Every structure is written in C-alpha cells, then in structure tokens.
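Start at 1 and go down the list; that is how both ligands and their atoms are numbered. Please read all numbers here as calculations on a predicted model, not as lab measurements.
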Amino acid sequence: MTTTFFRYRDIEQLQEDVEALGVDVRLQPHVKALLEPVRIGTLVAKNSLAIHPMEGCDGTLDGKPDELVFRRYRRFGAGGAGLIWFEATAVLPEARANSRQLLINAGNAKSLEELLNTAKRSHAEVFGSAEGLVCGIQLTHSGRYSHPQPLIAVHDPALDAKKNIPPDYPVLSDEELERIEDAYVCAAQWAQKIGFDFVDIKQCHRYLLSELLAAKTREGRYGGSFENRTRFVRNVIAKIKAACPGLAIASRINAYDGVPYQMSAAGKEGVPCPYTTPYLFGFGCDEDDPLREDLTEPIQLVRWLRDWGVCLLNVSMGNPYANPHIGRPFEKPPIDGYAAPEHPLRGVERHFRVTRAIQRTVPDVPVVGTGYSWLRHYFAAAGEANKRAGDVSLVGLGRGAIAYPDFARDLLEHGAVKPNKVCLAVSYCTALMRWKHNALGQFPCGCVPRDEVYAPIYQQGLKTIKR
Ligand SMILES: Cc1cc2nc3c(=O)[nH]c(=O)nc-3n(C[C@H](O)[C@H](O)[C@H](O)COP(=O)(O)O)c2cc1C
C-alpha cells in the first residue's frame with residue numbers, strides 16, 4: 001500500500017497541508033501574470049507557459065521522429081503554451097539514452113524540420129498564427145546513461161554500483177570530450193538550419209554535462225576545480241556563438257543533484273544510499289550534508305552562463321535513475337521503484353526554493369521553473385504566485401503536458417485548468433521509459449491514465465515483462 005498524498009477537494013485543503021508541513025508554497029488562484037508574454041533575448045514567447053522537454057522514446061531506430069512523435073508535437077503545438085522545449089535529442093549515435101531517442105544529424109534534419117513545422121502548423125491552426133510560439137531543441141549526450149554502452153566522465157561509487165560499472169571502467173579522455181564539444185557545435189548548426197529558435201545545452205539529470213559539473217574527483221582539464229568542471233559548457237557556448245550567429249542559446253541545468261537513493265530494507269520507501277562526507281559526487285550539494293543544497297556553485301554557474309551569452313535557463317534537479325522523487329515529485333512510484341521518502345510538497349518546495357534563488361541571481365535571464373505537475377490543477381495557482389513574486393519567468397509542465405497538452409489553451413480561454421485532464425503523478429510514463437522488452441528494444445512512453453494510446457501499450461508491457 002502506498003500513501004495517498006494528494007487528497008485535496010479544494011485549494012483551501014491544499015493550503016492547510018502547506019501550512020501543516022511548513023513548506024513555502026504560495027498559491028494565487030487568479031491567473032493573470034502567467035498569460036503575459038515573456039522576452040527571451042530577441043525572442044518573445046506569447047505567454048509564460050512552457051512545455052518541458054519530454055522524451056517519448058518513440059523515434060525510429062536511426063533517430064528520426066516517428067508517428068507518435070509527430071502526434072505529440074501536433075498536440076503540444078495546438079495546446080497553446082508560448083514555449084515548447086523539444087525533447088532530448090542526441091548529438092551522436094553513441095550518445096543516445098535508448099534505441100529510439102531522437103538523433104540530430106544530416107540524415108535526420110529534414111524529418112526534424114517537419115516535426116518543428118508540425119508543431120507550428122497545429123499552433124497556427126488553433127491560434128491564427130505561430131507568432132509568439134518559441135521552439136527550442138534540447139541537445140544531449142547521455143554520458144553514463146548512453147545505451148548500450150555507458151560513457152562516463154568520472155567514477156561515482158553509488159551511481160557506478162547501480163549500473164555495475166567496475167572501478168577500472170575507462171573514463172572519457174580529455175581528447176574525447178573535445179571531440180564531443182565539436183559534435184554539439186555540429187548539432188547546433190543543424191538546429192539553426194532546421195529553424196529552431198534556440199538550442200539547449202543540456203546540463204541536467206546526470207547525463208554527460210551534468211556529470212561534468214559534479215566531476216570534482218576527475219583529473220585533467222575537465223575535472224577538479226569549478227573552472228575545469230565548467231570548461232566543456234564554456235567551450236561549447238563559445239564555439240556555437242562563433243559557428244551559429246543569431247542562434248539563441250539556452251541551458252537546462254541541474255541546480256542540485258542530491259544523493260542516489262535505494263529501496264529501504266523493508267522494500268518500501270526510498271532511503272539514501274550510504275555515503276561519506278565530505279561528499280564529492282554531487283553538484284549543488286552541501287559537502288557536509290548532501291541531503292541539503294549548497295547553491296554557491298549553481299549561482300556562480302548561472303552568472304557565468306549569462307555572461308557567456310545564455311539567454312534562457314530551465315532549472316531542474318535530481319537524477320531520474322537514482323533519486324526520481326527529487327526531480328519529479330510523485331504520488332506513486334513506478335512498479336519497481338521506491339515509494340516517496342518525503343511528502344511530495346517538500347519536493348515541490350525544493351524546486352521552487354532553488355529556482356527562486358537562481359531567478360533572483362539573474363533577473364535579466366528568464367528562468368523556466370520545474371516540478372509543478374504533482375500539484376495537478378493547482379499548478380497554475382502556484383505558478384501565478386511564483387511569477388508575480390519574480391521567482392520564475394515561465395512555468396513549465398513535464399508530465400502535466402503529456403497528460404494534458406492543451407492546459408495552456410484552457411487557462412487562456414477559461415482562466416482555469418480542468419481537474420479531470422491533469423497528470424496524476426503515478427509514474428506509468430517512467431515505467432514505460434524504462435521498459436526495453438519489445439522488438440525495438442524500447443517501449444514508447446506517454447500518459448497511461450489520460451491518453452488512450454498508452455493504456456494498451458502499458459498492458460502489453462506488463463503482460464510480457466519477465467519477473
Ligand atoms: C517520460 C518522461 C520523459 C522526460 N524527458 C525529458 C527530456 O527529454 N529532457 C529533460 O530534460 N527532461 C525530461 N524529463 C523530465 C521532465 O522534463 C521534468 O523535468 C519532470 O517530469 C518534472 O517536471 P513535472 O513535475 O512537470 O513533470 C522527462 C520526464 C518524464 C517523466
């Protein structure tokens with residue numbers, strides 16, 4: 001039996017829990033600021049609502065968008081959010097996280113362009129024009145989560161153990177990292193040719209660039225000092241600026257990695273994997289107590305990113321494979337996952353607290369906030385309060401957007417979202433993402449409770465999984 005956390009019949013009951021837990025989550029039910037446009041460098045998003053990057057793991061084996069990918073972006077485009085952050089797209093074949101992840105290269109550029117145009121066209125069909133719809137693409141190297149072969153920047157005892165990576169497993173060399181930098185530049189050139197408004201140099205969720213930020217124990221030019229740990233992203237930004245004049249550069253960052261978790265001995269809720277202090281394996285972690293944030297470096301990072309030319313940030317945290325409750329506060333874990341070790345409102349508060357600190361550090365750079373989906377239809381009240389306070393510039397939905405792609409349209413047209421369309425945070429999407437036991441080596445993922453396409457896919461996965 002898992003605990004039921006979300007049991008609010010109205011916003012007052014949510015407010016009561018907020019007060020009982022003593023979390024700093026503010027609610028402003030009258031939505032107005034979220035409907036206002038946002039300036040992003042030279043771009044303007046027509047409203048302050050964003051769709052986070054949400055992989056469907058449903059491309060073709062060579063990394064082109066397939067039918068379900070087109071369907072997803074058709075729905076996102078028609079949904080009315082002012083910013084669509086296209087999902088993780090690998091810069092090299094060996095950098096993909098699964099056999100169906102999108103891949104950007106010469107062979108796939110035309111179909112990615114068709115995908116972008118699909119989103120814009122469906123937006124224009126509903127709203128008259130695609131002006132004010134900002135579309136960017138997330139460029140990724142999956143690093144230790146590359147499939148099938150992990151490509152690690154540094155050893156991390158707990159993360160290595162989770163993937164059976166032995167202590168003598170090779171670490172990417174400085175020369176290999178330099179070549180990967182060039183792959184990012186090539187990918188950015190394709191993204192610009194395709195017509196994306198911005199590229200995201202992804203530095204979150206412990207994929208390669210996120211791991212580099214935490215590579216305190218790595219030797220050589222890319223590890224150790226903070227200057228070295230930011231060398232990769234600094235080089236990539238400078239090279240993209242030179243190669244792609246006029247292309248806006250964004251970054252989705254992990255501002256707090258946290259420590260890896262495991263199932264408790266009782267087989268229920270998550271507990272931290274054993275660690276020693278000073279803890280040298282997480283970015284944004286207090287070295288003496290890594291269960292807490294120390295934002296000194298993340299704050300320095302965003303100042304540098306702004307100075308180097310980044311005009312849009314997206315703040316995230318955690319590691320979806322090792323501590324999913326941090327990045328995506330959930331009601332129910334995936335079937336093989338641990339139950340939430342904290343009330344999800346604490347996870348929501350952590351997102352808001354960290355994002356506030358980042359947005360206030362760089363008030364001139366719009367920040368997209370994360371971690372709203374668990375709040376269901378009350379996400380808008382929380383987003384409105386955060387936006388009015390200057391704690392965030394755009395409010396993004398991840399799981400909430402695959403459940404309810406037209407959430408923005410309902411907010412624009414009715415001033416409210418519909419409770420019967422929201423994400424329930426029950427983690428079926430995550431389970432689908434992890435499942436590889438079909439002919440293509442990867443299940444497509446989407447919202448099982450709210451999108452009729454995915455219930456049969458989930459049932460099929462359950463039936464065929466070996467236990
Ligand atoms: C199925 C699924 C796919 C995701 N794909 C991506 C991705 O491609 N890139 C990324 O940065 N985050 C990805 N995320 C994380 C989300 O963008 C988001 O940060 C997370 O779900 C928390 O936000 P939420 O509470 O609105 O869902 C994914 C999450 C899920 C559940």
Side-chain angles (χ1 to χ4, degrees), residues 6 49-59 68-69 72-73 76 81 83-90 96-98 100-102 136-142 145 200-210 250-255 313-321 323-331 333-334 337 344-345 347-348 350-352 354-355 368-376 378-380 382-383 392 394-405 407 422-435 442-448 451 454 457-458:
F6 194 101
L49 297 159
I51 294 182
H52 281 309
M54 286 300 285
E55 252 195 277
C57 308
D58 46 3
L68 283 174
V69 190
R72 183 163 53 262
Y73 286 89
F76 285 169
L83 188 147
I84 305 178
W85 202 295
F86 280 57
E87 69 201 66
T89 303
R96 295 166 84 194
N98 61 70
R100 301 178 72 180
Q101 187 170 53
L102 299 183
I137 185 167
Q138 182 173 72
L139 302 181
T140 192
H141 186 299
S142 305
Y145 299 109
D200 161 22
I201 311 303
K202 179 181 191 176
Q203 306 185 78
C204 59
H205 308 157
R206 289 302 289 247
Y207 295 106
L208 182 65
L209 274 70
S210 170
S251 190
R252 188 169 211 210
I253 63 163
N254 249 26
L313 290 165
N314 186 325
V315 173
S316 189
M317 56 181 70
N319 175 331
Y321 307 92
N323 54 20
H325 69 284
I326 304 244
R328 27 181 113 148
F330 55 74
E331 191 64 20
L345 268 174
V348 170
R350 188 181 296 110
H351 271 284
F352 291 0
V354 169
T355 303
V368 186
T370 302
Y372 286 85
S373 291
W374 180 82
L375 290 166
R376 299 195 190 177
Y378 303 121
F379 94 87
V392 75
L394 294 109
V395 167
L397 285 189
R399 293 162 298 172
I402 56 171
Y404 188 176
F407 68 92
V422 296
C423 167
L424 302 174
V426 287
S427 303
Y428 297 127
C429 55
T430 302
L432 282 169
M433 212 171 177
R434 299 284 171 262
W435 284 347
Q442 177 62 51
F443 273 68
C445 88
C447 182
V448 175
D451 184 343
Y454 295 94
I457 297 176
Y458 188 74

In ligand 1, which numbered atoms sit nearer than 4.0 Å to a non-hydrogen atom of [X]?
{"X": "G327", "answer": "22 (C)"}
{"X": "G398", "answer": "24 (P), 26 (O), 27 (O)"}
{"X": "T370", "answer": "19 (O), 22 (C), 23 (O)"}
{"X": "L397", "answer": "26 (O)"}
{"X": "C429", "answer": "31 (C)"}
{"X": "Y372", "answer": "25 (O)"}
{"X": "R399", "answer": "21 (O), 24 (P), 25 (O), 26 (O), 27 (O), 31 (C)"}
{"X": "A88", "answer": "8 (O)"}

Side chains of [X] and [Y]: closer than 4.5 Å at any heavy-atom pair?
{"X": "Y207", "Y": "H141", "result": "no"}
{"X": "R399", "Y": "C429", "result": "yes"}
{"X": "N254", "Y": "H205", "result": "yes"}

With rounding to the nearest 0.5 angstrom, report the [atom1] to [atom2] distance, [X] to [Y].
{"X": "Q101", "Y": "T140", "atom1": "CD", "atom2": "OG1", "result": "6.0 Å"}
{"X": "Y404", "Y": "L397", "atom1": "OH", "atom2": "CG", "result": "10.0 Å"}
{"X": "K202", "Y": "T89", "atom1": "NZ", "atom2": "OG1", "result": "9.0 Å"}
{"X": "L49", "Y": "I84", "atom1": "CG", "atom2": "CD1", "result": "12.0 Å"}

Suppose we measure from [atom] to each protein heavy atom; which comes out shortest, and what is that distance?
{"atom": "atom 29 (C) of ligand 1", "value": "R328 NH2, 3.3 Å"}
{"atom": "atom 24 (P) of ligand 1", "value": "S373 OG, 3.2 Å"}
{"atom": "atom 6 (C) of ligand 1", "value": "P53 O, 3.0 Å"}

Do any N/O atoms on [X] end up under 3.5 angstrom from N/O atoms on ligand 1?
{"X": "Q138", "answer": "yes"}
{"X": "T430", "answer": "no"}
{"X": "E87", "answer": "no"}
{"X": "C445", "answer": "no"}

Where the closest heavy atom to atom 12 (N) of ligand 1 is concerned, which of R252, Q101, Q203 has it?
-> R252

Looking only at non-hydrogen atoms, the one of E55, M54, M317 nearest atom 30 (C) of ligand 1 is M54

With heavy atoms only and a cut-off of under 4.0 Å, state how M433 meets ligand 1: side chain, backbone, both or neither.
->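 Within the 4.0 Å criterion, M433 contacts ligand 1 through side-chain atoms alone.
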
Step through it carefully: locate the ring centre of [X], locate the ring centre of [Y], and say whether they are under 6.0 Å apart.
{"X": "F352", "Y": "Y372", "result": "yes"}
{"X": "Y458", "Y": "W435", "result": "yes"}
{"X": "F86", "Y": "F76", "result": "no"}
{"X": "Y321", "Y": "Y145", "result": "yes"}

With a 3.5 Å cut-off and no angle check, do the side chains of E55 and N98 form a donor-acceptor pair?
-> yes

Strictly under 4.0 Å, does any heavy atom of H351 approach an atom of ligand 1?
->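 The answer is no: ligand 1 sits nowhere under 4.0 Å from a heavy atom of H351.
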
